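Structure, as structure tokens:
These numbers come from a predicted model, not from an experiment. Here is how names work: the chains are called A, B, and so on, in the same order as the sequence lines, proteins then strands, and each is numbered from 1.
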Amino acid sequence: MNANHVRVRFAPSPTGGLHLGGVRTVLFNYLFARKYNGTFVLRIEDTDQGRFVPGAEEYIFDCLDWCGLSPDESVRKEGPYAPYRQSERKAIYRDYAEQLLESGHAYYAFDTPAELEQMRNDLRTPENPAPQYDHRTRGMMRNSLTLGEEETRRLILEGTPYVIRIKVPENETIHFHDMIRGDIHHETNVVDDKVLLKADGMPTYHLAVVVDDYLMKITHAFRGEEWLPSAPVHILLWQYLGWKAHMPQWAHLPLILKPDGNGKLSKRDGDRLGFPVFAMDWTDPKTGEVTTGFRERGFLPEAFVNLLAMLGWNPGIEQEVFSLEELCELFSMERVHKGGAKFDYEKAKWFNQQHIQRTDNARLATLVAPFFEKENITAEPEYLTRVIGLIKERCHLLPDFVTQGRFFFEAPAQPDLEAVKGKWSPGKTEFFRTWAASLDSIAPDHEALEASFTELATAKGIKKGDLMLPLRIMLVGGKFGPGVFDIVAMIGSAATQQRIEAALVQLA
RNA sequence: GCCGCGUUGGUCAAGGGGUUAAGACGCCUCCCUUUCACGGAGGAAUCACGGGUUCGAUUCCCGUACGUGGUACCA
């Protein structure tokens with residue numbers, strides 16, 4: 001593996017449903033990797049034992065599989081840098097934390113959570129509502145800097161719980177280049193001494209991400225904008241560990257915001273506004289609460305990926321509908337927007353509609369069948385495929401095929417006869433009885449059917465226009481659907497006759 | 001509060017010192033369709049504000065405002 005082989009990673013913590021924004025981060029990683037013939041690594045960030053959620057890891061894999069964004073290396077497909085679960089790499093991090101201790105860039109801290117809270121309370125003022133553990137305060141805390149070597153050694157020998165913190169230097173400016181934002185800088189004086197190794201021996205994200213990115217030879221690190229404020233800590237760590245030359249290139253992705261109001265898009269917003277936020281259905285194992293996903297809502301994975309790609313990125317050409325392959329070719333990190341994007345569900349549905357039109361009917365049939373089953377409608381594949389050809393252009397989501405197509409499978413339960421009742425006449429009843437009776441001898445194609453319909457209408461002296469809508473409502477149940485004679489041809493003469501007769505009875 | 005990062009129509013956005021400031025979604029009107037959609041043709045609607053720099057700023061610089069993120073032994 002040569003030195004400039006692109007390696008990227010997505011490092012989720014398995015704590016629940018996979019959010020839109022998470023999938024987009026995966027997507028940008030994936031596209032970047034494909035574009036440069038690189039490797040896409042999935043690393044499980046499970047260093048917080050308190051937040052372990054059973055099933056969450058499996059769910060992440062399922063989502064990525066559904067989206068077609070499967071990783072090249074992961075806990076399921078180990079490459080040369082296993083293990084890929086951070087909890088299984090625990091021992092590794094300690095070594096590096098100790099290295100930092102030795103070089104004086106980190107220190108032991110024995111402060112209990114209560115003592116930390118005490119400090120924050122004592123120091124809190126209106127001007128400084130969130131006092132930090134930093135160069136100003138570390139001198140008044142219980143750590144190896146204030147206690148001295150001997151006392152520190154004694155406390156450790158006694159088994160006193162401790163954490164290891166980075167010692168952030170004073171009066172320095174940390175610069176780094178972001179592929180999307182350009183030069184970014186932070187003053188170290190406002191960066192706090194982040195915990196690197198927790199009391200339980202697990203690393204925090206800050207230590208783990210640097211160590212693993214180095215060890216796994218990650219060349220480009222893409223993550224959400226929420227990580228920007230802690231970037232200086234990571235840069236410092238790359239430097240202190242002596243790996244600065246191997247530091248990946250950074251790109252901090254803009255956030256996906258809620259459509260109304262402000263703030264990051266959350267699961268709650270989806271519930272509130274009526275659209276999915278997770279990729280697939282997620283069942284909270286504790287509460288049993290189900291949050292619906294894009295997949296179950298009736299999105300095609302390629303549409304989901306497409307709409308995500310266009311949230312915060314665009315290729316600068318007029319085309320908006322793309323396959324994953326096209327996206328791989330076109331993608332570039334430099335064209336990612338800096339500002340956050342509000343999620344627009346209407347546009348999301350439009351993307352799905354566009355992809356439905358581009359999908360062949362047989363595949364749609366297999367995707368749509370479960371939605372019919374849910375409604376207890378048995379849809380025979382070949383027939384379903386033909387029905388889909390007739391109704392697909394008016395479908396935005398997969399369940400639309402059921403609402404737009406159920407009358408192909410069963411008579412309308414409650415035809416909206418009110419719409420024609422007022423203008424009904426015995427002559428019309430007679431017309432329909434006569435026409436229905438003639439159906440068996442007419443070729444089942446829409447032209448022949450329409451010709452006979454027109455001919456009989458003329459013979460009876462009734463305007464064809466006064467008969468079309470009634471026929472539609474008898475067969476479909478309402479004012480919608482494809483050409484009415486296409487429907488007759490599709491459902492056949494027996495069903496047509498039955499529906500006409502049933503309606504006639506009601507109109508009598 | 002402090003720090004970081006942002007800001008082109010309602011939304012996604014192209015553009016970037018001189019333009020009639022693209023396109024898409026949504027909305028409205030019309031056409032097509034003896035239904036509803038699809039499709040087509042139009043329309044309303046935008047460079048946050050204030051200072052500079054400049055012959056000329058939406059574009060560059062500085063402020064302000066606003067938004068957003070962070071400020072955990074969570075990621």
Next on the checklist: Under a plain distance cut-off of 3.5 Å, with no hydrogens placed, do A:Asp111 and A:Asn143 share a side-chain donor-acceptor pair?
Outcome noted: no
Next on the checklist: Once you measure the plane-to-plane angle for A:Tyr345 and A:Phe299, does it fall in the parallel (<30°), tilted (30-60°) or perpendicular (>60°) bin?
Outcome noted: tilted
Checklist outcome for this item: Reading nucleotides 36-45 of chain B from 5' to 3' and marking B where a protein heavy atom lies under 4.0 Å of the base, S where only the sugar-phosphate is that close, and - otherwise, the string is BBS-------
Checklist entry - Separation of A:His186 atom NE2 from B:G70 atom C1', in whole Å? => result 9 Å
Checklist entry - Taking only residues two or more places apart in sequence or in another chain, which ones pass salt bridge (Lys or Arg N to Asp or Glu O under 4.0 Å) with A:Lys342? => result none
Item to check | Separation of A:Asp46 CG from A:Thr15 OG1 (nearest 0.5 Å) | outcome: 10.5 Å
Next on the checklist: In dot-bracket form, 5' to 3', how is RNA chain B paired? Count Watson-Crick and G-U wobble pairs only if both distances fall under 3.5 Å, and write | where the partner sits on another strand.
Outcome noted: (((((((..(((.....[....))).(((((.......)))))....(((((..]....))))))))))))....
Item to check | Spacing of the C1' atoms in B:G63 and B:C27 (rounded, Å) | outcome: 38 Å
Checklist entry - Which letter, B, S or -, goes with each nucleotide of nucleotides 6-13 of chain B from 5' to 3', with contact meaning a protein heavy atom under 4.0 Å? => result S----BSS
Item to check | A:His355 and A:Asn306 side chains, donor-acceptor separation under 3.5 Å | outcome: yes
Next on the checklist: How many whole angstroms separate atom NE2 of A:His446 from atom P of B:U35?
Outcome noted: 15 Å
Item to check | Atom pair OG1/CD of A:Thr112 and A:Gln118 - distance to nearest 0.5 Å | outcome: 9.5 Å
Item to check | Near-ring test A:Phe431/A:Phe453, centroid separation under 6.0 angstrom | outcome: yes
Checklist entry - Who pairs with A:Arg297 by salt bridge (Lys or Arg N to Asp or Glu O under 4.0 Å), at least two apart in sequence or on another chain? => result none
All N/O contacts under 3.5 Å from nucleotides 71-75 of chain B to the protein, with atom names and distances to one decimal?
unit_1, atom_1, unit_2, atom_2, d
B:U71, O2', A:Gln132, NE2, 3.0
B:C73, OP2, A:Arg165, NH2, 3.3
B:C73, O2, A:Ala199, N, 2.8
B:C73, N4, A:Asp111, O, 3.0
B:C74, OP2, A:Lys198, NZ, 2.9
B:C74, O2', A:Asp48, OD2, 3.2
B:C74, O2', A:Arg51, NE, 3.3
B:C74, O2', A:Arg51, NH2, 3.1
B:A75, OP1, A:Thr47, OG1, 2.8
B:A75, OP1, A:Lys198, NZ, 2.7
B:A75, OP2, A:Tyr205, N, 3.4
B:A75, O2', A:Ser13, OG, 2.9

Item to check | Partners meeting side chain to side chain contact (heavy atoms under 4.5 Å, CB included) with A:Glu98 (sequence neighbours left out) | outcome: A:Arg94, A:Leu101
Next on the checklist: Under the rule for side chain to side chain contact (heavy atoms under 4.5 Å, CB included), what residues qualify as partners of A:Asp260, not counting sequence neighbours?
Outcome noted: A:Lys258, A:Arg272, A:Leu273
Item to check | Gap between atoms CG and C1', on A:Leu228 and B:G70 respectively (whole Å) | outcome: 9 Å
Checklist entry - A:Gln319 has an atom CD; how far is it from atom P of B:C25, in whole Å? => result 14 Å
Next on the checklist: Tell me whether A:Thr137 contacts the main-chain N or O of A:Gln132 through its side chain, where contact means a donor paired with an acceptor under 3.5 Å.
Outcome noted: yes
Listed pairs under 3.5 Å, donor-acceptor, residues 393-402 of chain A side chains, sequence neighbours left out:
unit_1, atom_1, unit_2, atom_2, d
A:Arg394, NH1, A:Gly481, O, 3.2
A:Asp400, OD2, A:His396, N, 2.8
A:Asp400, OD2, A:Leu397, N, 2.9

Next on the checklist: Nearest 0.5 angstrom please: A:Asp122 CG to A:Met140 CE, how far?
Outcome noted: 7.0 Å
Next on the checklist: Just the rounded figure in Å: distance from C1' of B:U35 to CG of A:Leu417.
Outcome noted: 15 Å
Checklist outcome for this item: By nearest-nucleotide position on RNA chain B, the 5'-leaning member of A:Leu255 and A:His185 is A:His185
Checklist entry - Once the angle between the rings of A:Phe331 and A:Trp313 is folded into 0 to 90°, is it parallel (under 30°), tilted (30 to 60°) or perpendicular (over 60°)? => result tilted
Where do N or O atoms of nucleotides 32-34 of chain B meet protein N or O atoms at under 3.5 Å, pair by pair?
unit_1, atom_1, unit_2, atom_2, d
B:U34, N3, A:Gly465, N, 3.2
B:U34, O4, A:Gly465, N, 3.3

Item to check | Rounded distance in Å - NZ (A:Lys258) to C1' (B:G69) | outcome: 13 Å
Checklist entry - B:G70 P sits how many Å from A:His252 NE2, rounded? => result 13 Å
Checklist entry - How would you list all residue pairs meeting ring pair (Phe, Tyr, Trp, His ring centres under 6.0 Å) that involve residues 458-481 of chain A, not counting sequence neighbours? => result A:Phe407-A:Phe480
Checklist outcome for this item: Across all chains, not counting sequence neighbours, the salt bridge (Lys or Arg N to Asp or Glu O under 4.0 Å) partners of A:Glu158 are A:Arg154
